[in-house]
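Because only heavy atoms are used, hydrogens play no part in the values below, and waters and symmetry mates are left out as well, while side chains stay in.
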Amino acid sequence: MLQGYPGGRYCEDVPSDNTSPPDAPAEHDVPAEQAVPQTLRIAYVPGVTPGKWIRRWEERMPDIPLEAFMHDGGAGVEAVRGGSADMAFVRLPIERDGLSVIPLYGEQPVVVAPKGHEISVFEEVALADLEQEAFLDVSALGGPEAALAVVAAGAGLVILPMSVARHFNVKDTVARRLTGAPGTEIALVWPADSTNEVLEEFIGIVRGRTAQSSRQPSAQPAKVKKEPKPDRRGSGTRKAPKVAQRYAPNPDKGRGKGSRKKGKR
């Protein structure tokens with residue numbers, strides 16, 4: 001239909017009513033399958049080396065990037081609670097309220113002293129033999145790295161997990177295995193109300209499950225809808241089966257002896 005515009009111009013197929021055309025789809029109305037892949041954010045304390053788990057994740061889940069960053073002390077739990085991290089490797093004990101917690105492994109404690117201290121002549125030291133020593137509060141000094149700097153200056157000794165002492169490796173200090181002291185434990189934590197397939201996949205990797213494990217979400221086969229079986233009966237008239245000649249009916253059966261009429265041959 002042709003309708004006039006002011007000025008004598010015309011336009012084809014202009015609707016006669018005043019309804020507006022449907023709005024164009026907004027940019028955010030994108031199908032779920034076209035959305036940007038989720039990023040898995042992992043925080044970890046000093047002494048944890050997540051490299052092997054990250055490599056396995058990249059091999060199995062290349063479409064979901066993983067970002068890992070180191071945090072100090074209890075800040076990892078706060079990162080998970082605050083939403084800046086999806087999961088975290090933390091050092092127990094922690095406040096577990098609202099968190100899912102999987103203990104992973106224990107850590108060997110060491111005592112760290114200034115270089116030249118008498119413990120350097122031993123391979124391991126008993127805590128009971130260090131009663132006369134002055135021990136520093138790591139938390140009060142601002143964390144392990146700052147505390148080790150104070151130890152290097154000769155102000156005292158500290159007790160740390162071996163992995164932490166090796167991680168910072170402050171010059172002019174010496175570390176020895178410590179017996180008789182409670183050890184520490186590393187755990188993986190995440191919000192209890194946000195478990196999903198992505199988190200379950202990473203949990204399986206940390207626990208050592210293989211890519212083919214039936215407990216891994218990525219190993220679950222996709223459900224394929226079965227095609228209906230074809231109708232082999234056909235639409236034509238069904239033919240009667242052929243009967244072998246030896247089973248053909250006998251024309252003389254039931255007539256009695258000599259009942260067949262003789263005719264010309």
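- Taking the side chain as every heavy atom from C-beta outward, Glu185 and Arg91 never approach each other to under 4.5 Å.
- By the 4.5 Å heavy-atom criterion applied to side chains, Trp57 and Arg55 are not counted as neighbours.
- Checked against side chain to side chain contact (heavy atoms under 4.5 Å, CB included), Asp129 has the following partners two or more places apart in sequence or in another chain: Ala126.
- In this structure, Lys115 and Thr173 have side chains that are not in contact, with every pair of non-hydrogen atoms separated by 4.5 Å or more.
- Between the NE2 atom of His167 and the CD atom of Glu145 there is a distance of 7.5 Å, given to the nearest 0.5 Å.
- Proximity of Asp86 to Val80: side-chain heavy atoms (C-beta onward) are nowhere separated by under 4.5 Å.
- Side-chain N or O atoms of Arg60 include none that pairs as donor or acceptor with a backbone N or O of Ile205 at under 3.5 Å.
- The two residues Ala113 and Val151 come nearest to each other via the heavy atoms C-CG1, 3.6 Å.
- Two residues are said to be in side-chain contact when any heavy atoms from C-beta on lie closer than 4.5 Å; Leu92 and Ile186 fail this criterion.
- Considering every non-hydrogen atom in both Val48 and Pro50, the closest pair reads O-CD, 3.3 Å.
- Under a hydrophobic-cluster definition in which Ile, Leu, Val, Met, Phe, Trp and Tyr are linked whenever side-chain heavy atoms come within less than 4.5 Å, directly or via other members, Leu148 and Leu178 are assigned to different clusters.
- Linking Ile, Leu, Val, Met, Phe, Trp and Tyr residues whenever their side-chain heavy atoms come within less than 4.5 Å places Val121 and Leu130 in a single cluster.
- In this structure, Phe122 places its CZ atom where only 12 or fewer heavy-atom neighbours from other residues, nucleotides or ligands lie under 6.0 Å away.
- Using a 4.5 Å heavy-atom threshold, the side chains of Leu99 and Val77 count as touching.
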- [ ] Mind running side-chain contact (heavy atoms from CB on, under 4.5 Å) on Val170 and Asp172 for me, showing each step along the way?
- [x] CA-CA 7 Å; Val170 175; Asp172 295 330; over 6 Å; no

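- In summary, the aromatic rings of Phe89 and Trp53 are positioned with their centroids under 6.0 Å apart.
- A distance of 10.0 Å separates CD of Glu78 from CD of Glu95, quoted to the nearest 0.5 Å.
- Under the 4.5 Å side-chain criterion, counting only non-hydrogen atoms from C-beta, Phe202 is in contact with Met87.
- Taking hydrophobic clusters as Ile, Leu, Val, Met, Phe, Trp and Tyr residues chained together by side-chain heavy-atom distances below 4.5 Å, Met70 shares a cluster with Trp190.
- Transitive grouping of hydrophobic side chains (ILVMFWY, heavy atoms separated by less than 4.5 Å) keeps Val174 and Leu160 in distinct clusters.
- Side-chain N/O atoms of Glu67 and Thr39 include no donor and acceptor closer than 3.5 Å.
- Placement of Ile159 and Val110 in two distinct hydrophobic clusters is found when ILVMFWY residues are connected by side-chain heavy-atom separations under 4.5 Å, directly or transitively.
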Task: Worked check of side chain to side chain donor-acceptor pair (under 3.5 Å) between Glu124 and Thr179 - done: CA-CA 7 Å; Glu124 66 178 29; Thr179 62; 4.9 Å; no

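- Between Glu123 and Arg177 the shortest side-chain heavy-atom distance does not fall below 4.5 Å.
- Taken from CD in Gln38 to CG in Leu40, the straight-line distance is 7.0 Å, to the nearest 0.5 Å.
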